Amino acid sequence: MKRFRRLSEETGQWCRYVLKRSWYWYKKIAESPGAAISLVLLLLLVLMAVLAPAISPRDPYATYIGPRLSAPSWQFPFGTDVLGRDILSRMIYGSQLSLVVGILSAAFSLVFGVILGSISGFYGGKVDSVLMKVVDIWLGFPPLIFALAIVTILGKGVNNVIMAVGISGIPRLARIVRAQVLSVREMSFVEASHAIGAPSWRIIMIHIVPNVLSSVIVLSTLQVAGAIISAASLSFLGMGAQPPTAEWGLMLNEGRAYMRHAWWMTVFPGMALFITVMAVNLLGDRLRELLDPRYRRSRN
Amino acid sequence: MLQYLGRRLVGIIPVLLIVMTLAFAVIRLIPGDPVRNIIGGQPVSQQVMDNLRAYFNLDEPVYKQYFGFMRNAFVGDFGISYRNRQPVTKVFFQQLPATLQLAAGGILVGILVGGLLGIVSGLFPDSWLDTSFMFLALIGVSMPTFYSAMLLILVFSVILRWIPVVGGGFMGLILPSISSGLWAAGNLARLIRSAILDVMNEDYIRTARAKGLIERRVVLGHAARNASIPVLTLMGLQLALFFGGAAITETVFARQGIGKLLVDSVLEKDYPIVQFGILFTTSAYVFINLAIDMLYAFIDPRIRYD
């Protein structure tokens with residue numbers, strides 16, 4: 001029991017530390033106006049996804065609630081699609097899936113990227129060089145082909161897209177984590193831990209990961225954006241979300257055949273995707289500015 | 001130099017062997033009987049299944065299949081497509097010209113547009129031109145390809161009626177090139193800008209100016225060469241991506257090409273094609289990288305590979 005209490009206390013402390021450091025980074029990011037706007041946009045996206053049932057005017061899956069392919073009007077601000085479904089509602093609901101896929105696959109990359117990167121950076125030597133060789137080959141696979149290969153093995157569908165996109169994100173994060181671990185490893189508290197005989201896994205978990213995680217979590221915000229585009233692309237190609245799911249990539253695919261007659265079927269969901277990605281890219285620029293000292297020098 | 005090239009080529013061999021093994025494994029990892037996939041779920045007699053299994057060499061033990069695959073691969077035989085029973089390489093290389101055209105177009109758009117935006121922004125940092133160009137570049141990197149493709153069709157084919165949506169020849173290549181080159185252009189513009197900014201702060205630029213060179217010589221002779229190294233790296237990467245086929249652009253514009261072929265093959269479970277596609281695109285990536293590394297030495301005499 002005592003052991004358990006100590007463990008839970010430590011876990012609490014651990015989480016608090018990581019959260020505090022991440023919050024510090026986000027605050028620093030928001031000092032630039034562009035990045036602040038993008039954070040607000042991303043927050044709106046999250047709100048849209050969470051509040052979808054409350055704010056969407058109609059049922060996104062109800063067919064023939066209006067005339068088929070009707071142009072934007074007061075009744076249907078973004079028009080209706082070929083099955084007479086409300087595009088605005090479908091777009092709002094689409095944010096749910098995009099966000100879930102984005103976050104889950106980024107989390108997938110994060111967990112395995114941190115494991116791989118910490119092991120590689122902490123142990124160094126042969127382990128490091130072998131792991132980094134693997135990561136290099138992994139990075140060498142064109143991302144879409146990689147996702148295709150995984151979808152080939154696992155089959156179509158959203159869950160497999162999450163896996164596919166998550167797996168192809170691992171090597172990039174592993175490299176970043178490794179680079180960070182290399183610098184944390186040399187800190188005196190790690191040395192002290194070694195000196196009092198702490199086992200390696202404990203040093204990695206208690207001392208190295210929390211110090212690396214905050215910046216990596218912030219970086220995974222970018223991973224989320226990449227994942228959202230990749231997932232939408234796969235859905236667009238017919239390998240991700242399947243009809244009648246409300247998903248942006250799939251909506252664009254459905255609108256493709258009707259581009260001549262119903263531009264609203266493609267323009268609005270595409271706009272949602274575009275704005276999301278742009279927000280994350282703005283955030284990424286700011287991050288690079290903060291994290292990459294070379295970039296900072298060249299600005300002034 | 002030649003020695004280095006030789007060493008690198010030898011180093012590529014294990015990578016290609018690993019990729020080939022992975023490509024082979026992909027097909028064997030797919031759950032279910034491949035023969036069932038070939039016949040597409042229709043009820044057939046055991047005899048037909050056995051014949052098909054023998055036809056595609058799927059009746060041998062896996063290790064024999066593996067060595068057979070590797071042996072055949074060395075003489076350029078990558079099996080037969082499940083869909084149309086033609087050699088994989090034939091099906092694949094029929095699509096290559098279309099992909100190469102689009103790759104050339106996309107890279108051209110990327111270099112012209114990205115180069116212009118990046119160079120101007122880099123030479124006049126923090127001017128209004130820089131700000132607006134970098135905003136354009138941000139749009140370029142944020143625009144999903146399938147969205148830009150559809151917007152281009154909407155504007156130029158449906159509304160303005162300048163260019164037909166589907167069409168061969170040069171006119172048919174314009175919109176796809178722009179759409180697939182847009183992302184490359186945005187990326188290049190941003191990288192070129194920061195490369196130029198980095199270089200312009202270097203000591204040798206100050207020296208060049210101090211010895212009284214006209215600005216044109218400073219930029220072309222001293223800055224451009226040094227700034228081109230990271231730019232080349234990115235261009236190589238982009239080219240490699242194009243070799244994998246611009247699946248999305250090809251789909252939207254109803255073009256032929258490797259990307260479309262691979263996507264269709266995945267959807268229709270034509271695994272030998274997927275297998276070769278993985279091998280082809282990965283090799284393209286590896287060899288383009290090597291070529292770029294070699295180019296470094298020509299551009300920057302300080303880089304010596306020995």
Side-chain angles (χ1 to χ4, degrees), chain A residues 34 133-134 136-137 139-156 225 228-230 232-234 236-239 248-249 252-253 255-256 259-261 263 265-267 269-271 273-282 284-285 288 292 294-295 297-300, chain B residues 15 18-19 22-23 25-27 29-31 125-126 134 138-139 141-148 150-151 153-154 157-159 165 186 190 193-198 200-201 240-241 243-248 251-252 259 262-263 265-267 269 271 274-275 277-278 281-282 284-286 289:
Chain A
K133 273 263 154 50
V134 172
D136 275 342
I137 294 180
L139 277 171
F141 270 104
L144 190 66
I145 302 296
F146 195 83
L148 279 181
I150 294 174
V151 173
T152 310
I153 298 172
L154 301 174
K156 293 183 267 190
I228 288 177
I229 306 193
S230 309
S233 309
L234 284 174
F236 177 78
L237 291 173
M239 276 171 285
W248 293 341
L252 277 161
N253 186 18
R256 193 157 67 88
M259 215 149 34
R260 247 164 228 291
H261 319 286
W263 53 268
M265 277 185 76
T266 43
V267 169
M271 191 64 79
L273 194 56
F274 170 57
I275 291 175
T276 306
V277 177
M278 188 141 104
V280 178
N281 276 333
L282 269 173
D285 290 350
R288 206 166 307 137
D292 186 351
R294 237 165 47 95
Y295 188 78
R297 192 193 62 203
S298 62
R299 286 288 293 188
N300 42 44
Chain B
V15 174
I18 292 173
V19 171
L22 283 178
V26 163
I27 295 195
L29 283 171
I30 296 159
D126 297 322
M134 279 305 108
L138 177 67
I139 292 180
V141 291
S142 307
M143 190 77 99
T145 312
F146 46 99
Y147 190 45
S148 68
M150 287 201 262
L151 286 184
I153 292 179
L154 193 64
S157 303
V158 178
I159 299 176
V165 179
R190 287 152 61 106
R193 177 180 183 271
S194 70
I196 291 180
L197 284 180
D198 269 354
M200 289 310 252
N201 280 336
L241 285 179
F243 267 91
I248 290 165
T251 306
V252 178
L262 286 180
V263 171
S265 304
V266 169
L267 289 176
K269 306 192 169 170
Y271 299 136
V274 181
Q275 180 173 272
I278 293 173
T281 48
T282 318
Y285 177 88
V286 170
N289 257 352

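Since this is a predicted model, take the numbers as computed values, not measurements. Residue numbers begin at 1 in each chain, while the letters A, B, ... track the order of the sequences.
- Looking at A:A279, there are no atoms closer than 4.5 Å to chain B (heavy atoms on both sides), in backbone or side chain.
- When every heavy atom of A:M239 is checked against every heavy atom of B:V263, the shortest pair comes out as CE-CG1, 3.7 Å.
- The only member of A:L273, A:L237, A:T266 that meets side chain to side chain contact (heavy atoms under 4.5 Å, CB included) when paired with B:F146 is A:L273.
- Per-residue heavy-atom pair counts under 4.5 Å with chain B were compared for A:V280, A:I229, A:V267, and the maximum is reached by A:V267.
- Contacts of B:Y147 classified as ring-ring contact (aromatic ring centres under 6.0 Å, His included), with partners at least two apart in sequence or in another chain: none.
- B:L151 CG to A:M271 CE: the interatomic distance, rounded to the nearest 0.5 Å, is 7.0 Å.
- Taken from CG in A:N281 to CE in B:M143, the straight-line distance is 12.5 Å, to the nearest 0.5 Å.
- Both the backbone and the side chain of B:I139 come within contact range of chain A, each with at least one heavy atom under 4.5 Å from a heavy atom of that chain.
- Interface residue B:V141: backbone and side-chain heavy atoms are both found under 4.5 Å from chain A.
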For this session: Step by step, work out the side-chain contact (heavy atoms from CB on, under 4.5 Å) result for A:F236 and B:I248.
Result: CA-CA 8 Å; A:F236 177 78; B:I248 290 165; 4.1 Å; yes
